[in-house]
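One structure is given here, and the rest of the page talks about it.
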Amino acid sequence: MSIQIQMIGTGSAFSKKYFNNNALVYADDFTLLIDCGITAPMALHQLNKTVQEIDGILITHLHADHVGGLEELAFQAKYLYNIKPKLFICSKLLPILWENSLKAGLSDGRGNKLEDFFEVIPIIENENTMITPSLNIEMIQTKHIPNKLSYSLFINDHIFYSADMQFDPDLLAQIHKERHCKTILHDCSLEEPGKVEVHASLSQLLTLPEQIQNKILLMHYGDNMEEFIEKTGSMSFIEQQKKYTII
Ligand SMILES: O=c1ccn([C@@H]2O[C@@H]3COP(=O)(O)O[C@H]3[C@H]2O)c(=O)[nH]1
Ligand SMILES: [Zn+2]
Ligand SMILES: [Zn+2]
């Protein structure tokens, strides 16, 4: 079954030209937002979308370019539309999201909790979770910031979505060979090697075999992306706001 992916933002954390690297996944009857960064409410507004059109939000890790927009969406959902979107998050991240990130803004001082804003659905890592009959997600822990939990995703078993991760050629080879992934959406730092070690860099990704490179759409890139067009081997940059049908 085919799905559509639309990056509401394709930028790196400090980008001022692109919104935060967050994605809408359209399955038959379900729209999932993958990550909800600081700029996500504005990015959705530019697509003429409100939280009413989002059936679920899935969080990969707790950096602000991936969760910084949740407070606004939570308040909009509750106080503007009186709805409760589903919130999918690995069970290990769930307490940290509330206690260390959202509680300050969302708590009402009378003991409210995350479940007052979202239908919280804890995800067990490495287990295939049905989001909706036409959309399964498996979350695997990947290396991003040392000692900080971060997850990448398999979507419907054959799409790999890196979220934020360091270069891991062995994992990508395994994904290609054993999981038969057809499409890989991968974060890509355009900084010179050594400056930002917490994302895969373009120079690292260019060392991958051709048959892996031609599956890769590059995302989470800096404002200088256009300088690198035609310099990405068999990979290409995914475009912000464009809808991609992935079978
Ligand atoms: O140990 C660290 C922690 C953070 N950072 C920067 O902060 C950013 C946070 O969002 P991000 O994960 O998209 O990208 C990260 C990097 O740009 C870093 O370079 N080294
Ligand atoms: Zn990020
Ligand atoms: Zn990050």
Side-chain angles (χ1 to χ4, degrees), residues 5-25 32-44 57-73 87-90 92-102 104 123 125 137 139-155 159-168 171-172 184-205 216-225 227-228 232 235 237-241:
I5 293 183
Q6 180 180 37
M7 301 303 298
I8 66 169
T10 54
S12 55
F14 313 137
S15 172
K16 297 298 174 279
K17 188 172 172 187
Y18 306 103
F19 291 121
N20 294 157
N21 196 82
N22 308 156
L24 285 171
V25 177
L32 177 73
L33 176 62
I34 300 178
D35 289 331
C36 180
I38 300 161
T39 66
M42 179 60 83
L44 290 168
I57 303 169
L58 181 141
I59 300 301
T60 63
H61 69 297
L62 303 184
H63 277 148
D65 61 318
H66 300 263
V67 297
L70 276 176
E71 177 178 307
E72 179 173 343
L73 258 60
L87 181 67
F88 300 93
I89 181 167
C90 266
K92 289 181 192 169
L93 278 179
L94 184 49
I96 311 168
L97 174 68
W98 176 252
E99 289 301 326
N100 300 64
S101 177
L102 296 180
I123 289 196
E125 62 187 63
I137 298 272
M139 300 189 80
I140 62 166
Q141 250 190 66
T142 44
K143 287 193 291 281
H144 177 28
I145 310 289
N147 310 312
K148 192 181 184 68
L149 272 180
S150 190
Y151 293 89
S152 301
L153 317 175
F154 286 103
I155 303 170
I159 300 162
F160 181 72
Y161 184 94
S162 67
D164 289 8
M165 65 179 268
Q166 296 177 25
F167 185 54
D168 189 340
L171 174 65
L172 294 173
I184 297 171
L185 287 90
H186 208 300
D187 58 326
C188 171
S189 167
L190 300 173
E191 308 292 337
E192 61 275 9
K195 191 170 174 195
V196 176
E197 292 301 338
V198 293
H199 293 281
S201 69
L202 178 58
S203 48
Q204 289 171 322
L205 292 163
I216 294 180
L217 290 168
L218 301 168
M219 61 180 187
H220 203 294
Y221 44 71
D223 290 356
N224 56 345
M225 178 272 279
E227 294 166 25
F228 294 85
T232 57
M235 303 176 284
F237 289 111
I238 197 166
E239 280 177 53
Q240 181 167 285
Q241 296 196 346

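Whatever order the structure lists them in is the order used to number ligands and atoms, beginning at 1.
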Is a side-chain donor-acceptor pair under 3.5 Å present for Asp164 with Ser150?
no

Of all the N, O or S atoms in His144, the one nearest to the Zn ion (ligand 3) is NE2

Among N, O or S atoms, His63 approaches the Zn ion (ligand 3) most closely through ND1

Would you check if the side chain of [X] reaches a backbone N or O of [Y] as a donor-acceptor pair within less than 3.5 Å?
X      : Y      : result
Glu125 : Gln141 : no
Asp223 : Lys17  : yes
Ser152 : Ser162 : yes

message: So that I can check it, does any N, O or S atom in His61 come closer than 2.8 Å to the Zn ion (ligand 3)?
response: yes

**Q.** His63 and His144 aromatic ring geometry - parallel, tilted or perpendicular at 30°/60° bounds
**A.** perpendicular

So His199 and His220, would you call those rings parallel, tilted or perpendicular, with 30° and 60° as cut-offs? tilted

Review point. Hey, is the Zn ion (ligand 2) within less than 2.8 Å of some N/O/S atom on His199?
Key: no

Taken to the nearest 0.5 Å, the spacing of Gln204 CD from His186 NE2 works out to 9.0 Å

TODO: Measure from the ring center of Phe228 to the ring center of Phe237 and say whether it is less than 6.0 Å.
DONE: no

min-distance N/O/S atom, His220 vs the Zn ion (ligand 2), resolves to NE2

Close residues (non-hydrogen atom under 4.0 angstrom from ligand 1) work out to Ala13, Phe14, His63, Asp65, His144, Ile145, Asp164, Val198, His199, His220

So the angle subtended at the Zn ion (ligand 2) by Asp164 atom OD2 and Asp65 atom OD2, rounded to 10 degrees, is 160°

Worked verdict on Leu217 versus Ile5 for side-chain contact (heavy atoms from CB on, under 4.5 Å) = CA-CA 12 Å; Leu217 290 168; Ile5 293 183; over 6 Å; no

